[in-house]
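Computed from a predicted model, the values in this text were never measured in an experiment. Proteins get letters first, then strands, A, B, ... in listed order; numbering begins at 1 in each.
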Number of protein chains: 2
Amino acid sequence: MAADLKNFDTGAPEGRAVSEATLRRLPLYHRFVKELAQIGNLVVSCTQIGAALDLDSTQVRKDIEATGIVGRPRVGYGVPDLIAAIERFLGWDNATDAFLVGAGHLGAALLGYRRFEECGLKIIAAFDTDARKAGTEIHGKKILPLDKLPDLMERMKIRIAIIAVPAAAAQGVADLLVDGGVRAVWNFAPVRLALPQDVIVHNEDLYCSLAALSQKLKLAMQAEVRRQQQQQQDG
Amino acid sequence: MAADLKNFDTGAPEGRAVSEATLRRLPLYHRFVKELAQIGNLVVSCTQIGAALDLDSTQVRKDIEATGIVGRPRVGYGVPDLIAAIERFLGWDNATDAFLVGAGHLGAALLGYRRFEECGLKIIAAFDTDARKAGTEIHGKKILPLDKLPDLMERMKIRIAIIAVPAAAAQGVADLLVDGGVRAVWNFAPVRLALPQDVIVHNEDLYCSLAALSQKLKLAMQAEVRRQQQQQQDG
DNA sequence: TAGATTGTTAATCGATTAACAATC
DNA sequence: TAGATTGTTAATCGATTAACAATC
């Protein structure tokens with residue numbers, strides 16, 4: 001059991017907790033710097049990253065600092081070093097096996113994100129209650145009946161799971177996953193799951209995202225109306 | 001043109017900008033309170049909402065305050081009033097017609113979110129470059145060839161669009177949408193789009209979300225290893 | 001009335017931004 | 001050297017949390 005976990009212990013000191021905002025920006029830097037690597041750039045500065053992503057360069061530097069990498073004044077960071085540092089910090093340097101539950105359109109879409117494997121997430125199988133789907137494959141990944149999940153989870157020591165089932169089914173799936181010893185859940189169902197405190201959850205609730213967009217659009221439209229009314233008065 | 005926009009101008013004073021965090025929590029309250037409405041509850045307090053969603057009741061109150069609703073001490077808020085206040089504040093009270101671009105698995109999944117219409121977003125058509133998809137329907141929504149988008153967008157005065165195409169195609173689609181006069185873009189492609197400043201963008205970048213989950217899992221695993229090593233020393 | 005809850009103001013906390021020294 | 005950039009410390013800003021008066 002301890003041997004099974006040892007590859008998580010890099011011995012490195014970069015285990016500090018860091019703000020969610022920083023964690024969400026690091027993949028942007030990672031992506032941009034990987035593009036630089038492809039065109040052969042060897043170094044990159046925070047100024048450059050900030051300009052490319054329309055972010056303050058000080059913020060970029062603070063974020064990058066969190067990965068523990070040390071740069072060189074006047075030069076910047078080595079491109080391969082920075083890529084490695086971000087990957088190591090995020091835990092993307094060795095992929096964790098994951099199960100996906102729910103092989104509908106959303107589940108199928110998630111199976112199609114090939115880069116997930118480069119980002120520490122290796123989906124090795126998907127599950128669905130629909131017996132007709134069992135045995136088929138999507139994007140080269142096997143779809144299995146849900147009742148095989150408990151046994152397989154135990155045997156394969158799965159620690160991370162993605163829930164892509166309808167809202168009404170999500171809690172039941174979550175319970176199954178908890179029984180199987182899940183440690184982290186990426187939940188795409190629009191419900192708040194009841195889970196033990198030590199299980200990490202990340203909710204991808206599109207209604208919450210939509211709210212932000214909706215309100216901003218509403219404000220913009222109201223402002224536009226006011227502008228037009230002003231013009232009518234003036235004209 | 002002005003007449004076309006007038007339903008956005010409610011005349012109400014609830015046009016204040018509010019933090020993204022608040023905007024993302026309001027849909028949770030909305031969902032919970034709608035459930036209460038269904039079982040016939042007439043009033044609800046922040047304490048109750050906070051307990052149900054595992055949030056601080058003061059925070060719930062502050063968020064709800066932003067909607068402009070006035071509650072009654074000792075009682076709480078009227079359930080229908082609160083639902084209406086949240087919907088009005090978010091602009092969910094009258095749905096905006098939207099186009100979806102990209103009818104792959106992800107696009108199909110998004111067409112299946114029936115509740116979007118109750119949340120101010122009415123997807124009226126989807127577009128795809130794949131000629132074989134044109135003319136078909138997914139979840140009752142027509143799939144049209146992408147080259148029809150500019151004309152239709154103009155004619156239907158579409159202001160909001162969802163991008164669900166591969167990363168490489170996203171900027172091209174975005175340009176097309178901007179030409180068509182788009183005001184808000186919900187971008188599911190993992191790229192940062194170059195858009196005019198006055199176009200509202202909301203990026204649903206799963207790699208950014210994954211980073212947060214990955215790092216938390218990594219930290220939890222490291223902590224577990226340390227615990228086990230400690231136990232071995234002790235034992 | 002007593003007590004729960006809202007509304008509002010103040011305190012705390014943390015993230016972002018600014019300033020500046022160190023370095024190559 | 002001059003100047004750009006990192007590393008680090010301080011200032012600012014805003015969100016969360018706490019405190020408390022008002023109210024029914």
Side-chain angles (χ1 to χ4, degrees), chain A residues 13-14 16-26 28-29 32-33 36 41-86 89 208 211-212 215-216, chain B residues 13-14 16-26 28-29 32-33 36 41-86 89 208 211-212 215-216:
Chain A
E14 79 272 357
R16 270 156 304 165
V18 108
S19 81
E20 178 97 6
T22 294
L23 290 173
R24 295 187 69 94
R25 280 189 299 262
L26 286 172
L28 304 179
Y29 309 157
F32 174 65
V33 179
L36 291 186
N41 285 31
L42 293 176
V43 291
V44 61
S45 72
C46 295
T47 322
Q48 202 180 343
I49 297 174
L53 299 171
D54 198 27
L55 292 169
D56 183 65
S57 72
T58 308
Q59 183 169 70
V60 175
R61 194 166 323 122
K62 267 279 164 74
D63 290 339
I64 287 177
E65 201 184 295
T67 67
I69 194 176
V70 178
R72 293 200 312 173
R74 217 188 91 104
V75 180
Y77 304 91
V79 162
D81 299 347
L82 183 51
I83 294 170
I86 294 175
F89 179 73
C208 297
Q215 211 251 0
K216 280 176 209 152
Chain B
E14 79 273 355
R16 268 157 305 164
V18 108
S19 80
E20 178 98 6
T22 293
L23 290 173
R24 294 188 67 94
R25 280 188 299 263
L26 285 172
L28 304 179
Y29 310 157
F32 174 65
V33 178
L36 291 185
N41 285 31
L42 294 176
V43 291
V44 60
S45 72
C46 296
T47 322
Q48 202 180 342
I49 297 174
L53 299 171
D54 198 27
L55 292 169
D56 183 65
S57 74
T58 307
Q59 184 168 69
V60 175
R61 195 166 321 121
K62 267 279 164 76
D63 290 339
I64 286 176
E65 201 184 294
T67 68
I69 195 177
V70 177
R72 295 199 312 174
R74 218 189 89 105
V75 180
Y77 304 91
V79 162
D81 299 346
L82 183 51
I83 294 170
I86 294 174
F89 179 74
C208 297
Q215 212 250 1
K216 281 176 208 151

Legend entry - Residue whose nearest DNA chain D nucleotide is more 5′ - A:R74 or B:T22: A:R74

Inset, instruction - Between A:T47 and B:S19, just flag the one whose closest nucleotide in DNA chain D comes earlier from the 5' side. - result: A:T47

Inset, instruction - Show your working on side-chain contact (heavy atoms from CB on, under 4.5 Å) between B:L23 and B:F89 and close with a plain yes or no. - result: CA-CA 10 Å; B:L23 290 173; B:F89 179 74; 3.9 Å; yes

Would you indicate whether the side-chain heavy atoms of [Y] and [X] approach each other to under 4.5 Å?
| X | Y | answer |
| --- | --- | --- |
| B:L26 | A:Q215 | no |
| A:I49 | A:I64 | yes |
| A:T67 | A:Y77 | no |

Legend entry - Contact interval (first through last nucleotide) of DNA chain D with protein chain B, 4.0 Å heavy-atom: D:dA15 to D:dC24

Inset, instruction - Answer with base, sugar-phosphate or nothing: what part of the nucleic acid does A:R72 contact at a heavy-atom distance below 4.0 Å? - result: sugar-phosphate

Inset, instruction - Would you classify A:T58 as touching base, sugar-phosphate or nothing, given that sugar-phosphate means primed atoms plus P, OP1 and OP2, and contacts are heavy atoms under 4.0 Å? - result: base

Inset, instruction - Could you check A:P73 against A:Q59 and say which one's nearest nucleotide on DNA chain C is further toward the 5' end? - result: A:Q59

Inset, instruction - Return the 5'-most residue of the pair A:D56, A:V75 with respect to DNA chain C, ranking by each residue's nearest nucleotide. - result: A:D56

Inset, instruction - Decide yes or no on side-chain contact (heavy atoms from CB on, under 4.5 Å) for A:R72 and A:V43, but give the supporting numbers first. - result: CA-CA 10 Å; A:R72 293 200 312 173; A:V43 291; 5.7 Å; no

Inset, instruction - Please round to the nearest 0.5 Å and tell me the distance separating atom CD1 of B:I69 and atom CG of B:D81. - result: 5.0 Å

Inset, instruction - Enter the distance from B:N41:CG to B:F32:CZ here, rounded to the nearest 0.5 Å. - result: 8.0 Å

Inset, instruction - Output all residues satisfying side chain to side chain donor-acceptor pair (under 3.5 Å) with A:K62, sequence neighbours left out; order by chain, then residue number. - result: none

Inset, instruction - For DNA chain C, write out the stems as range with range, using runs of 3 or more consecutive Watson-Crick or G-U pairs with both distances under 3.5 Å. - result: C:3-24 with D:3-24

